[in-house]
Protein chains: 2
Amino acid sequence: MQESLTPAGRRIVAAAEELFYTRGITAVGVDLVAERSGVTKRTLYNRFGSKDRLVAVYLTQRDERWRALVLAAVDRCDEPLDAVTAPFDALTTWSETNERGCAFVNALAELPDPEHPARAVVVDQKRWLRDLFAELATTAGCAEPGVLADRLLVLHEGALATQPLPLETLAVTCELARELVRAATRHS
Amino acid sequence: MQESLTPAGRRIVAAAEELFYTRGITAVGVDLVAERSGVTKRTLYNRFGSKDRLVAVYLTQRDERWRALVLAAVDRCDEPLDAVTAPFDALTTWSETNERGCAFVNALAELPDPEHPARAVVVDQKRWLRDLFAELATTAGCAEPGVLADRLLVLHEGALATQPLPLETLAVTCELARELVRAATRHS
DNA sequence: ACACTCCTTCACTGATCTGTATACCTTGGC
DNA sequence: GCCAAGGTATACAGATCAGTGAAGGAGTGT
């Protein structure tokens, strides 16, 4: 996706990622994004057509980066049992440099319009993670992988949602996730 | 808090709740809030001083309504063990009429400024729920009530975060919460 | 020589944003 | 009668919003 972007286009998306995530989508104007990326507003509109489409591209690119991180964490595991909770390891890494929670949930909060092109990106992302959990659980031989996947997804989102708050829930969540996976293998 | 408001002030907050929650805080202007509440913009500023303060009042009032619902669900329980998961029953009820996720998490997403008066309201709310979980767990004789409370909070937030998505996680989450509570009592 | 893509410059529209100024009306309490 | 409080009406400031129009420069491929 990003290979098809022009140099200016890449700079625009990079600036948009930084600004939209840290300050909020609605709060950031296209003028600021253009200025930060060293590009004319005209170029921004020539590349992306509208702010909404730029938002969708921003989320898509962020999604790709995040999925790559998750898959890398999964690949790093030798035991299929560890792989099931690998996304939580990735989450720990990811959270260190992304302290404002889940960009996708945040985007959902700001964009109530069900027709907004960004919504599909968000829904896809969550479904992808759930299906990944289910696949990994099946490979590891867990009982009821579908139910386990749903549970792990809720845990994952809960850890993300409470992350911007001073509550220190991430470690607790990872531990619970591992317990759930262990419990699902004992009974099988 | 709301008894101290004038009639016009109450109408303003009511309109603000509806608009801010469904459309987003940044996306809704004070002109619209004034119009919807049948009040002049001048009155709005005479009552609340600024939009930021109105946002804080909106969240505070919403918080009070939600806490009352949770406490009512807790009081309805005969068994102390059921009381621990009562907030999840309240969540089920609450979600039926609030389909855009957690207003407080959404507000956090829109208001990155750490000094914003609304942030303290959000942090208070989450901490209150965590402490309630801990208290109920202690009363029910659960092992490690602090850890259990952290876990239940994460579950609660995870269910809320995934609620606007077509994923049907609420029932799964409630079931898991009950299992966690049962497990914490077996070992004690 | 020609066309095409990428990007720039800059002015501009029309709407909307938060917040303020001024002046007036009405109601209840003393 | 008087005054303060709550509220109305209207107009406005100054900034910012998303998005467009028109023209041109620079590089590349043919």
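All chains are named by letter (A, B, ...) in the order of the sequence lines, taking the proteins before the strands, and each is independently numbered beginning at 1.
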For this session: Kindly indicate, with the supporting measurements, whether the criterion ring pair (Phe, Tyr, Trp, His ring centres under 6.0 Å) is fulfilled by Phe88(B) and Phe133(B).
Result: CA-CA 11 Å; Phe88(B) 287 90; Phe133(B) 276 135; 5.8 Å; yes
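- When the side chains of ILVMFWY residues are joined at heavy-atom separations under 4.5 Å, either directly or via intervening members, Val105(A) and Leu170(A) end up in two distinct hydrophobic clusters.
- Summarising the geometry, the separation between CD1 on Ile12(A) and P on dT8(C) is reported as 8 Å, rounded to the nearest angstrom.
- Of the residues in residues 35-51 of chain A, those placing a heavy atom less than 4.0 Å from an atom of DNA chain D are Lys41(A), Arg42(A), Tyr45(A), Ser50(A), Lys51(A), in numerical order.
- The separation between Asp52(A) atom CG and dC17(D) atom C1' is 13 Å, rounded to whole Å.
- The CG-P distance, from Asp31(B) to dC17(D), rounds to 17 Å in whole Å.
- In this structure, Thr6(B) does not reach the dA5(D) phosphate: none of its side-chain N or O atoms is under 4.0 Å from OP1 or OP2.
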For this session: Run the numbers on Glu17(B) and Arg65(B) for salt bridge (Lys or Arg N to Asp or Glu O under 4.0 Å), then give the verdict.
Result: CA-CA 12 Å; Glu17(B) 256 203 81; Arg65(B) 275 216 337 260; 2.9 Å; yes
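- A salt bridge does not link Arg36(A) to Glu18(A): none of the charged side-chain nitrogens sits closer than 4.0 Å to a carboxylate oxygen.
- Taken residue by residue, residues 19-30 of chain B places heavy atoms nearer than 4.0 Å to DNA chain C at Val28(B), Gly29(B), Val30(B).
- Glu110(B) has no carboxylate O lying under 4.0 Å from a charged side-chain N of Arg23(A), or vice versa, which leaves the two without a salt bridge.
- Whole-Å rounding puts the Leu54(A) CG to dC17(D) C1' distance at 15 Å.
- For Asp63(B) and Arg67(B), the salt-bridge test passes: some basic side-chain N is under 4.0 Å from an acidic carboxylate O.
- Remark: Arg151(A) engages Glu179(B) in a salt bridge, criterion side-chain N to carboxylate O under 4.0 Å.
- Salt-bridge formation is detected for the pair Arg178(B)/Asp89(B): a Lys NZ or Arg NE/NH1/NH2 atom is positioned less than 4.0 Å from an Asp or Glu carboxylate oxygen.
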